[in-house]
Number of protein chains: 2
Amino acid sequence: MAPRMTRQRAAVAQALEGSSDFRSAQQLHESLRASGDGIGLATVYRTLQQLADGGEVDVLRTADGESVYRRCARREHHHHLVCRSCGRAVEIDGPGVEEWAARIGAAQGFADVEHTVELSGTCARCREAVGPA
Amino acid sequence: MAPRMTRQRAAVAQALEGSSDFRSAQQLHESLRASGDGIGLATVYRTLQQLADGGEVDVLRTADGESVYRRCARREHHHHLVCRSCGRAVEIDGPGVEEWAARIGAAQGFADVEHTVELSGTCARCREAVGPA
DNA sequence: ACGAGTTTGACAATCATTCTCACCAGGGCA
DNA sequence: TGCCCTGGTGAGAATGATTGTCAAACTCGT
């Protein structure tokens with residue numbers, strides 16, 4: 001049962017297409033309201049969750065526990081390098097990391113091993129904005 | 001200025017020593033109250049945060065966004081393999097992962113690259129508890 | 001033991017997220 | 001095209017972890 005295509009769902013999807021950064025549900029809700037799309041906060045959450053379940057978007061958690069969402073180019077498993085300052089995100093894949101995780105897990109007798117690998121740093125643009133250290 | 005040694009601080013520290021699993025602030029608070037140590041929830045949070053700042057304990061976030069704490073044997077940087085079912089945690093180090101993260105970051109022009117690497121799976125004990133697949 | 005400065009703890013406040021439930025709209029069908 | 005059923009929506013309440021507040025209690029150097 002594919003979800004119905006509603007104005008709200010389309011708006012959320014489009015908002016995600018528009019940016020290459022991770023955005024929180026709150027941020028998306030705000031910018032949607034700002035751009036005239038009447039939409040409820042609960043709907044934004046619901047839609048994001050459905051998109052995430054369907055693998056349409058990637059979810060990760062910021063340091064302060066907020067969930068952020070991003071429409072990713074590749075649907076296969078991959079990781080991110082996110083700028084702490086501006087939020088710009090780069091998709092990366094970890095050749096070897098996957099295998100490493102599986103190997104470690106097996107060595108400890110664990111099955112169904114999943115892994116979370118995220119990198120964060122300060123991107124070149126933000127660094128030069130404040131001047132070199 | 002080393003923090004003062006109070007009954008509450010000692011109780012929290014001891015509670016952490018007692019277990020090898022990650023525990024939430026709420027759980028710790030509850031078990032401290034249960035074992036007769038009168039302590040406020042706010043104090044548990046404060047103490048855990050201070051311990052975490054001082055590198056005394058490791059913090060990570062569960063899938064539902066709750067912070068969990070654990071007293072770790074090694075103080076150097078390391079990662080964890082946590083059982084999804086029973087919460088048992090194994091400390092692991094990632095030879096190569098650190099370097100890999102730094103290399104990826106540099107290649108994208110990022111500085112001060114930090115990385116988060118956590119593994120989760122089902123440990124052997126839990127697996128046999130329900131029988132093999 | 002004394003006093004200054006921390007720490008505590010009950011409770012309120014915050015904040016993201018989820019729940020509720022009456023109302024509304026998408027879309028298959030006649 | 002119009003109807004109706006069903007899933008989707010949204011305003012606001014509820015939840016639950018975490019943090020802020022501030023007077024009272026406690027630690028520790030003297």
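All values below come from the heavy atoms of this structure, side chains included, with hydrogens, waters and symmetry mates left out. Numbered from 1 within each chain, the chains take letters A, B, ... in sequence-line order.
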Could you give the [atom1]-to-[atom2] distance, from [X] to [N], as a whole number of Å?
X: B:Asp64; N: C:dC19; atom1: CG; atom2: C1'; answer: 17 Å
X: B:Leu60; N: D:dA17; atom1: CG; atom2: C1'; answer: 16 Å
X: B:Arg61; N: D:dG16; atom1: CZ; atom2: P; answer: 18 Å

Considering just the side-chain nitrogens and oxygens of B:Gln49, establish if one lies under 4.0 Å of OP1 or OP2 belonging to D:dT19.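 Yes, within the criterion.
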
Within the structure, does a side-chain N or O atom of A:Tyr45 lie under 4.0 Å from either OP1 or OP2 of C:dT17?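 Yes.
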
Sequence neighbours excluded, which residues qualify as side chain to side chain contact (heavy atoms under 4.5 Å, CB included) partners of B:Val82?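 For B:Val82 the side chain to side chain contact (heavy atoms under 4.5 Å, CB included) partners, ignoring immediate neighbours, are B:Phe22, B:His80, B:Ala89.
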
Taking only residues two or more places apart in sequence, or in another chain, which ones meet A:Glu114 in a side chain to side chain contact (heavy atoms under 4.5 Å, CB included)?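 So A:Glu114 forms a side chain to side chain contact (heavy atoms under 4.5 Å, CB included) with B:Arg84, B:Ser120.
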
Is a donor from one side chain sitting under 3.5 angstrom from an acceptor on the other, for [X] and [Y]?
X: A:Tyr69; Y: A:Gln27; value: no
X: B:Asp93; Y: B:His77; value: no
X: B:Arg9; Y: B:Thr6; value: no
X: A:His115; Y: B:His79; value: no

Find which nucleotide of DNA chain C each of A:Gly65 and A:Met5 is nearest to by heavy atoms, and output the residue with the more 5' nucleotide.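 By nearest-heavy-atom nucleotide position, the 5'-most residue is A:Gly65.
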
All N/O pairs under 3.5 Å across the protein-nucleotides 7-11 of chain D interface:
unit_1	atom_1	unit_2	atom_2	d
D:dG7	O4'	A:Arg4	NH2	3.2
D:dT9	OP1	A:Thr6	OG1	2.6
D:dT9	O3'	A:Gln8	NE2	2.9
D:dG10	OP1	A:Gln8	NE2	3.1
D:dG10	OP1	A:Gly38	O	3.4
D:dG10	OP2	A:Gly40	N	3.0
D:dG10	OP2	A:Thr43	OG1	2.7
D:dG10	N7	A:Arg46	NH2	2.7
D:dG10	O6	A:Arg46	NH1	3.3

Which is true for A:Ser67 with a 4.0 Å heavy-atom rule: it touches a base, it touches only sugar-phosphate, or it touches nothing?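 The residue A:Ser67 makes sugar-phosphate contact but no base contact.
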
